[in-house]
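Notes follow once the structure below has been shown.
Chain A is the first sequence line, chain B the second, and so forth, proteins listed ahead of strands; every chain is numbered from 1.
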Number of protein chains: 2
Amino acid sequence: MSTLPADVSGRLREACAVCSLKELCLPRGLNGPDLERLDDLVERQGPFHEGDHLFRVGDRFQALFAVRAGSYKSYTVDSEGREHVLGFHLPGELLGLDAIYPGRHLCNALALDTATVCALPYEQLSDLAGRINGLRSQIMRLMSKDIADNATLAGDFTAEERLAAFLTGLSERFRQRGYSPTEFQLAMSRRDIANYLRLATETVSRVFARFEKDRLITVDRRAVHLLDLPRLRTLCAAMNDRQS
Amino acid sequence: MSTLPADVSGRLREACAVCSLKELCLPRGLNGPDLERLDDLVERQGPFHEGDHLFRVGDRFQALFAVRAGSYKSYTVDSEGREHVLGFHLPGELLGLDAIYPGRHLCNALALDTATVCALPYEQLSDLAGRINGLRSQIMRLMSKDIADNATLAGDFTAEERLAAFLTGLSERFRQRGYSPTEFQLAMSRRDIANYLRLATETVSRVFARFEKDRLITVDRRAVHLLDLPRLRTLCAAMNDRQS
DNA sequence: GCGGCGACTTGATCCAAGTCACTGTCACGC
DNA sequence: GCGTGACAGTGACTTGGATCAAGTCGCCGC
């Protein structure tokens with residue numbers, strides 16, 4: 001995932017209209033004047049560095065954030081001090097959707113590498129969504145997707161199913177963003193993966209090792225190569241296949 | 001949970017304006033003319049009976065549904081034929097939010113008892129949401145809540161934490177609806193509870209028994225009496241308490 | 001190039017919850 | 001009443017993944 005120059009020169013270069021994430025992000029389906037109006041309220045922020053927080057639990061909710069470059073993890077810390085990783089967020093994905101209801105952030109968002117975001121002040125975004133049908137429906141679509149994705153994750157699946165689903169999910173997201181779906185760098189540590197999948201880090205290590213032994217993948221530290229995507233998909237079929 | 005008369009006489013009696021769920025459901029915060037416009041697009045449907053499907057996986061998405069009376073469970077069936085219960089839905093809650101993105105229903109919705117719903121044709125609702133700020137923000141709030149709720153459920157919690165959270169969650173939802181927060185009837189079987197919480201039905205039985213022994217609750221079949229709500233809340237604190 | 005530290009792997013043991021098998025209980029039809 | 005079948009509870013056992021305890025590897029600072 002590439003990083004951006006620190007300065008905000010070249011307004012045009014950064015505009016939604018020419019952003020490579022246009023079709024995944026809020027501008028999807030918008031054209032000319034509508035796109036410009038959206039562009040006007042976007043505040044580009046960053047670059048932030050690994051370990052920087054974009055927001056924290058309890059912060060007043062003022063804006064949604066679209067990841068522009070880099071990646072984020074969202075997480076909470078429970079009353080016993082245990083961390084719970086809620087998700088990883090790639091460019092084009094929205095952060096902060098869960099904060100709309102209570103008006104305060106319910107989770108923390110932390111940069112996993114050098115990252116930039118587009119801040120979308122919520123009041124203004126909501127007004128604009130009132131006026132632009134396409135924007136409103138895209139916001140609803142993205143929220144709907146979040147609801148559906150979270151529901152899938154909740155099942156009682158084995159360590160293998162979970163990791164296979166994690167890898168194929170990442171693969172698909174990289175593909176959509178124009179990166180290789182079979183070779184990529186993980187932005188997150190084993191500990192974060194384990195926490196996200198509700199496994200012990202040791203279990204993640206062991207399943208990675210098993211997958212390598214079975215010639216499904218090769219892994220070298222954070223570099224992953226998916227050798228047999230179809231078979232990986234079969235492994236986690238139960239997590240995604242839904243029928244009547 | 002009360003049932004409604006079969007006929008749809010008394011349009012006024014059924015109007016959003018006088019609905020007891022107004023403050024939980026879409027009309028929240030709307031007044032006079034706006035409320036009437038929402039009312040105009042609502043199609044009251046039912047009564048449906050235990051075991052009836054409101055929609056099924058793959059059905060074209062045309063409308064959101066607000067539960068009016070009774071209760072629903074939403075579930076999927078995976079490629080191996082295993083059922084996965086995604087949630088239980090009480091009056092005032094919305095069904096079908098996950099279908100907006102793909103335009104098709106991703107889960108099945110089944111009545112657990114005699115139930116009625118308000119159908120909200122999505123195109124019209126979206127148009128209206130464009131024109132009424134309050135409606136738009138309430139839809140966003142309800143979707144946001146769904147995102148946050150699902151995230152909480154996903155953690156790696158013990159059988160006790162899960163069941164305690166389930167019971168206190170139901171308690172709170174009954175309270176909001178004007179029912180007793182300490183004495184209620186479960187609309188769902190042990191099997192459904194177990195499936196929802198990702199436990200075996202035997203485990204649910206055993207934890208119910210343990211809770212009874214510890215004087216936290218009494219259970220007789222589907223009649224539950226919460227004796228020590230504070231202690232139940234402590235049990236599942238980790239599932240809900242979130243801090244920086 | 002050495003020391004130290006954090007990230008990861010590997011192996012040995014443990015335990016919460018699942019599975020299996022059986023029993024009890026209620027509801028409904030005949 | 002008496003079967004039948006769905007649902008619920010209980011005990012014995014099995015097991016996947018957690019936990020505990022050493023390692024190994026790579027990297028950064030000095």
Side-chain angles (χ1 to χ4, degrees), chain A residues 49-51 73 78 80-85 110 112-113 154-167 185-214 217-224 235-236 238-239, chain B residues 49-51 73 80-85 110 112-113 154-167 185-214 217-225 235-236 238-239:
Chain A
H49 302 101
E50 188 182 333
K73 80 168 176 186
D78 70 25
E80 274 137 67
R82 293 180 296 194
E83 182 175 323
H84 297 267
V85 176
L110 180 119
L112 290 173
D113 43 28
D156 61 336
F157 301 103
T158 64
E160 248 139 40
E161 286 173 319
R162 281 165 194 277
L163 195 60
F166 177 70
L167 292 173
Q185 285 287 124
L186 298 172
M188 67 297 286
S189 65
R190 298 287 190 276
R191 190 179 144 277
D192 283 339
I193 297 172
N195 191 313
Y196 174 63
L197 299 176
R198 315 302 160 184
L199 299 168
T201 56
E202 292 94 329
T203 304
V204 172
S205 265
R206 283 187 252 268
V207 177
F208 266 131
R210 226 176 298 160
F211 281 176
E212 255 193 308
K213 191 169 66 65
D214 296 347
I217 63 171
T218 59
V219 211
D220 179 24
R221 317 216 94 230
R222 295 190 175 186
V224 178
L235 264 182
C236 59
M239 280 186 75
Chain B
H49 302 102
E50 188 181 333
K73 80 167 176 186
E80 273 138 66
R82 293 180 298 192
E83 182 176 321
H84 296 268
V85 176
L110 179 120
L112 291 173
D113 43 27
D156 61 336
F157 301 104
T158 65
E160 249 138 39
E161 286 172 320
R162 281 166 194 275
L163 196 60
F166 177 69
L167 291 172
Q185 286 286 125
L186 298 172
M188 66 297 284
S189 66
R190 297 287 191 274
R191 189 180 145 279
D192 283 339
I193 297 172
N195 191 313
Y196 175 63
L197 299 177
R198 314 305 160 185
L199 299 169
T201 56
E202 292 94 328
T203 305
V204 172
S205 270
R206 283 188 251 269
V207 177
F208 266 132
R210 224 175 300 160
F211 281 176
E212 257 193 307
K213 189 168 69 62
D214 296 347
I217 64 170
T218 60
V219 210
D220 179 26
R221 318 218 93 230
R222 294 190 174 186
V224 178
H225 190 170
L235 265 180
C236 59
M239 281 186 76

How long is the span from the [atom1] atom in [X] to the [atom2] atom in [Y], to the nearest 0.5 Å?
{"X": "A/I193", "Y": "A/L167", "atom1": "CD1", "atom2": "CG", "result": "7.5 Å"}
{"X": "B/R82", "Y": "A/D156", "atom1": "CZ", "atom2": "CG", "result": "6.5 Å"}
{"X": "A/R198", "Y": "B/R198", "atom1": "CZ", "atom2": "CZ", "result": "13.5 Å"}

Can you build the contact string for nucleotides 9-16 of chain C? Use B for base contact, S for sugar-phosphate-only contact, and - for no protein heavy atom under 4.0 Å.
BBBB----
Heavy-atom side-chain proximity of B/E212 to B/I217 below 4.5 angstrom
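Yes; the side chains approach each other to less than 4.5 Å.
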Find out whether A/L199 and A/V207 are in side-chain contact, i.e. whether some heavy atom of one side chain is under 4.5 Å from a heavy atom of the other.
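No, their side chains stay 4.5 Å or more apart.
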Taking atom [atom2] of [N] as reference, at what distance in whole Å does atom [atom1] of [X] sit?
{"X": "B/L186", "N": "D/dC7", "atom1": "CG", "atom2": "P", "value": "15 Å"}
{"X": "B/K213", "N": "D/dG9", "atom1": "NZ", "atom2": "P", "value": "16 Å"}
{"X": "A/D192", "N": "C/dA7", "atom1": "CG", "atom2": "P", "value": "10 Å"}
{"X": "B/D156", "N": "D/dA18", "atom1": "CG", "atom2": "P", "value": "8 Å"}
{"X": "B/E161", "N": "C/dA17", "atom1": "CD", "atom2": "C1'", "value": "14 Å"}
{"X": "B/F157", "N": "D/dA18", "atom1": "CZ", "atom2": "P", "value": "14 Å"}
{"X": "A/E50", "N": "C/dG6", "atom1": "CD", "atom2": "C1'", "value": "12 Å"}
{"X": "A/Q185", "N": "C/dA7", "atom1": "CD", "atom2": "P", "value": "17 Å"}

Without swapping roles, check the side chain of [X] against the backbone of [Y] for a donor-acceptor pair under 3.5 Å.
{"X": "B/N195", "Y": "B/E83", "value": "yes"}
{"X": "B/R190", "Y": "B/R221", "value": "yes"}
{"X": "A/R191", "Y": "A/T201", "value": "no"}

Checking all strands, does B/R162 fall into the base, sugar-phosphate, or nothing category for heavy-atom contacts under 4.0 angstrom?
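No contact.
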On DNA chain C, check which nucleotide each of A/S189 and B/D220 is closest to and give me the residue with the more 5' one.
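Result of the comparison: A/S189.
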First encountered from the 5' end of DNA chain D, between A/L199 and B/R191
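Closest to the 5' end, via its nearest nucleotide, is B/R191.
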For C/dC8, does OP1 or OP2 lie under 4.0 Å from any side-chain N or O of A/R222?
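Affirmative; the distance criterion is met.
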B/A164: side chain to side chain contact (heavy atoms under 4.5 Å, CB included) partners, not counting sequence neighbours
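Testing B/A164 for side chain to side chain contact (heavy atoms under 4.5 Å, CB included), a comparison that skips the adjacent residues, returns B/F211, B/L232, B/L235, B/C236.
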Enter the inter-axis angle for the ends of the helix from C/dG1-D/dC30 to C/dC30-D/dG1 (five pairs per end, rounded to 10°).
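Here the helix ends are tilted 40° relative to one another.
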